[in-house]
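See structure below.
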Number of protein chains: 2
Amino acid sequence: MSKKKYRQSKQRTKILEILRKTDLHPTASWIYDRLKKEFPQLSIGTVYRNLTILIDQGMIQKIENGSTFDRFDAHTNPHYHFICDVCGGIKDIDININEQIDRIITEKLPMTIKRHKIDFYGICPECERKKK
Amino acid sequence: MSKKKYRQSKQRTKILEILRKTDLHPTASWIYDRLKKEFPQLSIGTVYRNLTILIDQGMIQKIENGSTFDRFDAHTNPHYHFICDVCGGIKDIDININEQIDRIITEKLPMTIKRHKIDFYGICPECERKKK
DNA sequence: GTTCATGCAAATCGTTTGCACAATG
DNA sequence: CATTGTGCAAACGATTTGCATGAAC
């Protein structure tokens with residue numbers, strides 16, 4: 001999150017708008033496909049460059065999700081994720097972040113904990129329904 | 001974790017041995033460099049193929065660590081990880097896994113939680129010392 | 001002897017980058 | 001008009017794969 005000055009760009013504005021309108025935690029290429037309709041010349045490099053800038057601005061965050069590709073999220077307040085074992089979809093988990101956990105661990109162990117990340121795994125309601 | 005039958009291979013045996021002897025959570029190429037001394041003909045493809053087999057056998061697990069490369073761990077009982085913001089090193093966190101967490105979340109939310117993963121972030125004692 | 005594992009090299013995939021041109025401030 | 005952002009294509013780095021040969025059973 002730097003204070004670097006960036007110019008405005010139509011592509012970047014739109015990328016942020018798209019990210020804010022979805023809770024799908026999209027990949028770069030999903031965003032690219034979306035935006036391609038509006039900017040037929042768009043290149044995937046531009047999408048990546050803008051995602052990097054938006055992260056630097058603190059507007060979005062990158063989610064590490066154990067896949068080979070990154071996902072992005074405009075929901076930047078701390079929250080946990082649920083990842084479906086069947087469809088791979090990611091959902092936000094709306095429970096309080098327990099900041100005590102960091103303190104407890106720091107007391108017990110020789111390292112200073114600044115933050116933590118919890119990912120829950122299981123089967124989402126949609127996939128659960130399809131199984132029957 | 002399938003029941004597929006695999007033949008024995010010297011390379012695979014040694015890869016598992018190396019993984020069991022370290023707590024560094026190595027990358028594929030670290031293992032490759034190590035093993036190259038003993039098997040000068042070794043190819044990185046063989047390392048990857050064997051790591052995949054060992055995962056399938058449940059002997060090791062892959063750690064997603066937010067980097068561009070995977071790390072591997074022969075320590076397969078459930079445990080948490082600590083990732084140093086400075087050096088990127090991964091350490092095992094030796095506290096009890098709270099299985100209640102999964103149950104509590106499952107009760108509150110529409111999805112069935114089977115397991116969870118917690119990664120703690122901060123600065124490891126070694127890097128903390130170097131800062132001064 | 002049939003099948004699986006290996007080494008080698010080429011292919012793949014997501015992401016990054018160098019470059020010349022266009023858009024921003 | 002100086003600088004940043006863009007499209008394009010090439011480069012990149014980690015991982016995977018096709019193929020002919022070698023090892024396991």
Side-chain angles (χ1 to χ4, degrees), chain A residues 2-19 24-57 59-73 83 88 90, chain B residues 2-19 24-57 59-73 83 88 90:
Chain A
S2 83
K3 271 147 198 154
K4 198 153 172 283
K5 269 214 302 275
Y6 294 105
R7 288 183 183 166
Q8 189 175 307
S9 112
K10 287 172 185 133
Q11 289 87 338
R12 183 155 63 249
T13 307
K14 196 72 194 187
I15 287 172
L16 181 56
E17 198 178 299
I18 287 181
L19 269 170
L24 287 176
H25 309 82
T27 61
S29 81
W30 186 91
I31 297 168
Y32 172 73
D33 290 341
R34 279 284 175 119
L35 222 48
K36 189 88 185 182
K37 289 160 197 158
E38 187 164 343
F39 302 90
Q41 305 281 70
L42 184 69
S43 97
I44 188 75
T46 298
V47 175
Y48 278 106
R49 267 186 287 236
N50 279 315
L51 287 169
T52 305
I53 292 173
L54 289 168
I55 291 170
D56 185 55
Q57 293 176 328
M59 310 296 277
I60 66 168
Q61 65 180 128
K62 193 190 279 192
I63 312 176
E64 322 295 348
N65 67 118
S67 293
T68 53
F69 39 84
D70 294 331
R71 289 175 171 275
F72 300 87
D73 191 352
I83 297 146
I90 300 182
Chain B
S2 83
K3 272 149 197 152
K4 198 151 171 284
K5 269 214 301 275
Y6 294 105
R7 289 185 182 166
Q8 189 176 310
S9 112
K10 287 171 185 134
Q11 290 87 338
R12 184 154 66 248
T13 306
K14 195 73 195 188
I15 288 172
L16 181 56
E17 199 178 297
I18 287 181
L19 269 170
L24 288 175
H25 310 82
T27 61
S29 79
W30 186 92
I31 297 168
Y32 172 72
D33 290 342
R34 279 285 176 119
L35 222 48
K36 190 87 185 184
K37 290 159 195 159
E38 187 164 343
F39 302 90
Q41 305 281 68
L42 184 69
S43 97
I44 188 74
T46 299
V47 175
Y48 278 107
R49 269 186 285 235
N50 279 315
L51 287 168
T52 306
I53 292 173
L54 289 168
I55 292 169
D56 185 53
Q57 294 176 328
M59 310 295 278
I60 66 168
Q61 64 180 131
K62 193 190 279 193
I63 312 175
E64 323 295 348
N65 67 118
S67 293
T68 53
F69 39 82
D70 294 332
R71 290 176 172 274
F72 300 87
D73 191 351
I83 297 147
I90 300 182

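Letters go in sequence order (proteins before strands), and every chain restarts at 1. For clarity, every value in this text was computed on a predicted model and none was experimentally measured.
- B:Ser9 contributes a side-chain N or O that, together with a main-chain N or O of B:Arg12, makes up a donor-acceptor pair within less than 3.5 Å.
- The closest side-chain heavy-atom distance from A:Phe72 to A:Gln61 is not below 4.5 Å.
- Here the side chain of B:Tyr6 is nearest to one of D:dA14, C:dG7, C:dA5, namely C:dA5.
- The A:Ser9 side chain lies nearest to D:dT6 when the options are D:dC25, C:dT6, D:dT6.
- Residue A:Gln11 has no polar side-chain atom (N or O) positioned under 4.0 Å from OP1 or OP2 of D:dG5.
- Using a 4.5 Å heavy-atom threshold, the side chains of A:Asp73 and A:Ile90 count as separate.
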Stepwise side-chain contact (heavy atoms from CB on, under 4.5 Å) check, B:Lys62 with B:Arg71: CA-CA 6 Å; B:Lys62 193 190 279 193; B:Arg71 290 176 172 274; over 6 Å; no
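- One can place CG of B:Leu42 at 12 Å from C1' of C:dA5, the figure rounded to the nearest angstrom.
- Within 6.0 Å of NZ in A:Lys10 there are 12 or fewer heavy atoms belonging to other residues, nucleotides or ligands.
- When rounded to the nearest whole Å, the span between OH of A:Tyr32 and C1' of C:dC13 equals 15 Å.
- The separation between A:Lys5 atom NZ and D:dG5 atom C1' is 16 Å, rounded to whole Å.
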Going 5' to 3' through nucleotides 16-23 of chain C and flagging B where a protein heavy-atom sits under 4.0 Å of the base, S where only the sugar-phosphate is that close, and - otherwise, we get BBB----B
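- Between A:Asn50 atom CG and D:dG7 atom P the separation is 9 Å, expressed in whole Å.
- Between A:Pro40 and A:Ile53, the one whose closest nucleotide on DNA chain D sits nearer the 5' end is A:Ile53.
- Residue A:Arg12 contributes atom CZ, which lies 8 Å from atom C1' of D:dG5 at whole-angstrom precision.
- B:Lys36 places its NZ atom 14 Å from the P atom of C:dT6, with the value rounded to the nearest Å.
- For the OP1/OP2 pair of D:dC8 and a distance below 4.0 Å, the side-chain nitrogens and oxygens of A:Gln41 include at least one atom meeting the criterion.
- Counting to the nearest Å, the P atom of D:dA14 and the CG atom of B:Leu51 are 15 Å from each other.
- In this entry the distance linking CG of B:Asp56 with C1' of C:dA5 reads 15 Å, nearest Å.
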